[in-house]
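Residue numbers start from 1 in every chain, and the chains themselves are labelled A, B, ... in the order their sequence lines are given, proteins ahead of strands.
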2 protein chains.
Amino acid sequence: MTGEQTKKPGRKPRIRDAEATKARILDAAKKEFAKNGLGGARVDDIAEKAKANKRMIYHYFESKEGLFQTVLEDAYLDIRSAEQKLHLEDLDPKVALEKLVRFTWEYYLKNPEFLTLVNSENLHRAKHLKKSEIIKVSSRKLVNMVSSILERGVTAGIFRDGVDPVQLNITIAAVGYYYLTNRFTGTIIYERDLMARDALEQRIQFNIETIMRLVTV
Amino acid sequence: MTGEQTKKPGRKPRIRDAEATKARILDAAKKEFAKNGLGGARVDDIAEKAKANKRMIYHYFESKEGLFQTVLEDAYLDIRSAEQKLHLEDLDPKVALEKLVRFTWEYYLKNPEFLTLVNSENLHRAKHLKKSEIIKVSSRKLVNMVSSILERGVTAGIFRDGVDPVQLNITIAAVGYYYLTNRFTGTIIYERDLMARDALEQRIQFNIETIMRLVTV
DNA sequence: CAATTAACGCACTAACTAGTTACTTCTTTA
DNA sequence: TAAAGAAGTAACTAGTTAGTGCGTTAATTG
């Protein structure tokens, strides 16, 4: 009987595509890690969702943690690259700052996995991000961008002097991040549907107000 | 041989104390859940750290999730009770608000488990907190407190009108919470030790400035 | 087209994990 | 002080889980 049925019948001849498989795994992993955290995520589930064999995960990413690290790096690179595409350096300082606040909010809103991935990484004391050099480089660009907006605003006489760009950056992230990452407990604590259409609209307006008042003379 | 050695020798006669055992379990669980999240926490580890038998956990708390729920409730009740003890209603509105901002910051700083527990609960879409009625009641008091500070400030002509107390509350939490819960990734992203003594001092000052500018006329 | 390489898949394992069974030991109270 | 009840323990189970060994099949290249 050996060698008789080389091609098992009734199974489609698989098309081989390493890049596509890798991409499917990464996509499934992102969702699974975001939903359950690093510890709660199941490698078998990721493989199934990716329509890939579990063996492939270990082939491409070495380990569950290796996979997590790649997912996390990709997530950071994505937001950093989207920020760069805003071209804030070409805009009026006030307009640029408001645009950044709005962008940050909308990015978190559209990519809630980013929030949970970052939370998960902090639970693990950033051990995966520590290894990544490219993340530092791209983050530096963001701080420089905010720094330059602030400087131009000061020169134009509309922003006050002495605002630390890093603190400002952190605060821009904070006012959106906290609201959205804690939307489930928040909805209970504040007895208000934080994700309702008008609640979201009210929040982004409030955040813009917060940041503008912070930097204005 | 039966009944011959009723008391096994060489073992201390255990002192029985249900409340103390329960408390030790809760304390160990809080640390374990905070460190590893609900999914990553190990019931065996909690039992060991609590110097209790695992069976006791199931005796007192029914399940791992039951234990988590109690830990979480206790954590919320603790911060809400500490807030009430500030007696902000007796203070000048500006002083009261600054005191609340400072308190919130210091509470997070001294109780980092609170942050991870809340993060973990949000990963699970607040399914445990949902069941708790007492949390809603105590949260309402906090919102009312901030609400009353705002009102008194408006009457005194020092705060502007129309600031939503819930949004303000969220923002007070946000500016501290985000910084501290993301201190590990933050230290990498911003290439600065966010937990250094002067960095912490700088941050709380920045946060006070942010909140004050937000409410001031 | 043969040989090599790379993608893919099956079935397994060793360690772990939440929860339980069946018991012993201490404390309280009628 | 006997009996009941509550606190505490050890050993176990049934199901998971990350990770692998090894064989198969498709694509590539000399």
Side-chain angles (χ1 to χ4, degrees), chain A residues 1-26 28-29 32-33 35-71 120 124 128, chain B residues 1-26 28-29 32-33 35-71 120 124 128:
Chain A
M1 287 290 270
T2 33
E4 193 184 339
Q5 48 141 39
T6 38
K7 289 184 190 190
K8 284 178 192 167
R11 179 134 50 74
K12 296 153 202 157
R14 294 153 303 164
I15 302 136
R16 298 191 162 194
D17 190 336
E19 284 312 306
T21 304
K22 231 169 142 173
R24 283 203 319 280
I25 290 172
L26 277 173
E32 174 75 6
F33 283 134
K35 196 174 176 186
N36 303 310
L38 173 53
R42 297 294 160 242
V43 178
D44 288 274
D45 291 1
I46 294 171
E48 196 182 2
K49 275 191 207 168
K51 286 179 211 270
N53 191 281
K54 183 164 62 150
R55 198 72 190 73
M56 289 295 96
I57 292 177
Y58 291 91
H59 183 244
Y60 291 125
F61 303 100
E62 282 221 274
S63 64
K64 188 186 179 185
E65 292 210 38
L67 177 57
F68 181 79
Q69 186 172 333
T70 307
V71 166
S120 207
H124 293 87
H128 310 93
Chain B
M1 286 289 270
T2 33
E4 194 183 336
Q5 49 137 39
T6 38
K7 290 180 190 195
K8 283 180 192 166
R11 179 134 50 75
K12 296 155 202 158
R14 294 154 302 163
I15 302 137
R16 297 190 164 197
D17 191 335
E19 285 311 306
T21 304
K22 231 169 141 172
R24 284 204 318 280
I25 291 172
L26 277 173
E32 174 75 5
F33 283 134
K35 197 175 176 186
N36 302 310
L38 172 53
R42 297 294 159 241
V43 178
D44 288 273
D45 291 2
I46 293 172
E48 195 182 4
K49 275 191 205 168
K51 286 179 210 272
N53 190 282
K54 183 165 61 153
R55 196 67 190 77
M56 289 294 95
I57 292 177
Y58 291 92
H59 184 244
Y60 292 125
F61 304 99
E62 280 220 275
S63 64
K64 188 186 179 184
E65 292 209 39
L67 178 57
F68 181 80
Q69 187 172 333
T70 308
V71 166
S120 207
H124 296 271
H128 311 93

K.L.:
Which word best sums up how the rings of A:F68 and A:H124 line up, parallel for under 30°, tilted for 30 to 60°, or perpendicular for over 60°?
P.N.:
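Rings of A:F68 and A:H124: tilted, as their planes differ by 30° to 60°.
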
K.L.:
What distance separates B:E65 CD from B:L38 CG, expressed to the nearest 0.5 Å?
P.N.:
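Between atom CD of B:E65 and atom CG of B:L38 there are 5.5 Å.
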
K.L.:
Please work out which residues in residues 36-48 of chain B have a non-hydrogen atom less than 4.0 Å from an atom of DNA chain D and list them by number.
P.N.:
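Within this stretch, nothing sits under 4.0 Å of the strand.
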
K.L.:
Under the criterion side chain to side chain contact (heavy atoms under 4.5 Å, CB included), I'd like the reasoning laid out for B:F61 against B:K22: C-alpha separation, chi angles, the key distance, then a yes or no.
P.N.:
CA-CA 9 Å; B:F61 304 99; B:K22 231 169 141 172; 3.8 Å; yes

K.L.:
Assess the residue pair B:T21 and B:Y60 against the criterion (side chain to side chain contact (heavy atoms under 4.5 Å, CB included)); give the C-alpha distance rounded to whole Å, side-chain angles, the decisive distance to 0.1 Å, and a yes or no.
P.N.:
CA-CA 10 Å; B:T21 304; B:Y60 292 125; 4.3 Å; yes

K.L.:
Taking only N/O atoms, report every protein-nucleotides 28-30 of chain D pair under 3.5 Å with atom names and distance.
P.N.:
none

K.L.:
Any sub-3.5 Å donor-acceptor pair from B:E32's side-chain atoms to B:V43's backbone N or O?
P.N.:
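Side chain of B:E32 to backbone of B:V43, a donor-acceptor pair under 3.5 Å: no, none is there.
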
K.L.:
In residues 52-60 of chain B, which residues come under 4.0 Å of DNA chain C by heavy atom?
P.N.:
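The stretch gives B:K54, B:R55, B:Y58 as the residues lying under 4.0 Å from the strand, ordered by number.
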
K.L.:
Please check the phosphate of D:dG8 (OP1 and OP2 only) for any side-chain N or O of B:T21 closer than 4.0 Å.
P.N.:
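True: B:T21 side-chain N/O within range (under 4.0 Å) of D:dG8 OP1/OP2.
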
K.L.:
Please check the phosphate of C:dA18 (OP1 and OP2 only) for any side-chain N or O of B:S63 closer than 4.0 Å.
P.N.:
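Answer is no, no contact under 4.0 Å.
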
K.L.:
Between atom NZ in A:K51 and atom C1' in C:dC8, what is the gap in whole Å?
P.N.:
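For the pair A:K51 NZ and C:dC8 C1', the rounded distance is 16 Å.
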
K.L.:
Rounded to the nearest Å, what distance is computed from the CD atom of residue A:E19 to the P atom of nucleotide C:dC8?
P.N.:
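A:E19 atom CD is separated from C:dC8 atom P by 11 Å.
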
K.L.:
State the NZ-CD1 distance between B:K64 and B:I46, to the nearest 0.5 angstrom.
P.N.:
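Answer rounded to 0.5 Å: 7.0 Å.
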
K.L.:
In this structure, are over 12 heavy atoms from other groups packed under 6.0 Å from A:K49 atom NZ?
P.N.:
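Check passes, neighbour count above 12.
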
K.L.:
Would you name the heavy atoms of A:A47 and A:N53 that are closest together and state the gap between them?
P.N.:
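Distance-wise, the nearest heavy atoms are CB-C, 4.2 Å.
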
K.L.:
Can you tell me if B:K51 uses its side chain to pair, donor with acceptor, with the backbone of B:R24 under 3.5 Å?
P.N.:
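Not confirmed, B:K51 side chain does not pair with B:R24 backbone.
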
K.L.:
Ignoring hydrogens, what is the shortest heavy-atom contact between B:V71 and B:A29? Give both atom names and the distance.
P.N.:
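Looking at all heavy atoms of both residues, the closest pair is CG2-CB, 3.8 Å.
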
K.L.:
Taking atom P of C:dG19 as reference, at what distance in whole Å does atom NZ of B:K64 sit?
P.N.:
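Distance check: B:K64 NZ to C:dG19 P gives 8 Å.
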
K.L.:
In whole angstrom, what separates A:E62's CD from D:dG19's P?
P.N.:
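For the pair A:E62 CD and D:dG19 P, the rounded distance is 10 Å.
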
K.L.:
Give me the atom names and distance for the closest heavy-atom approach of B:S120 to B:G37.
P.N.:
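Nearest heavy atoms, B:S120 then B:G37: OG-CA, 3.6 Å.
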
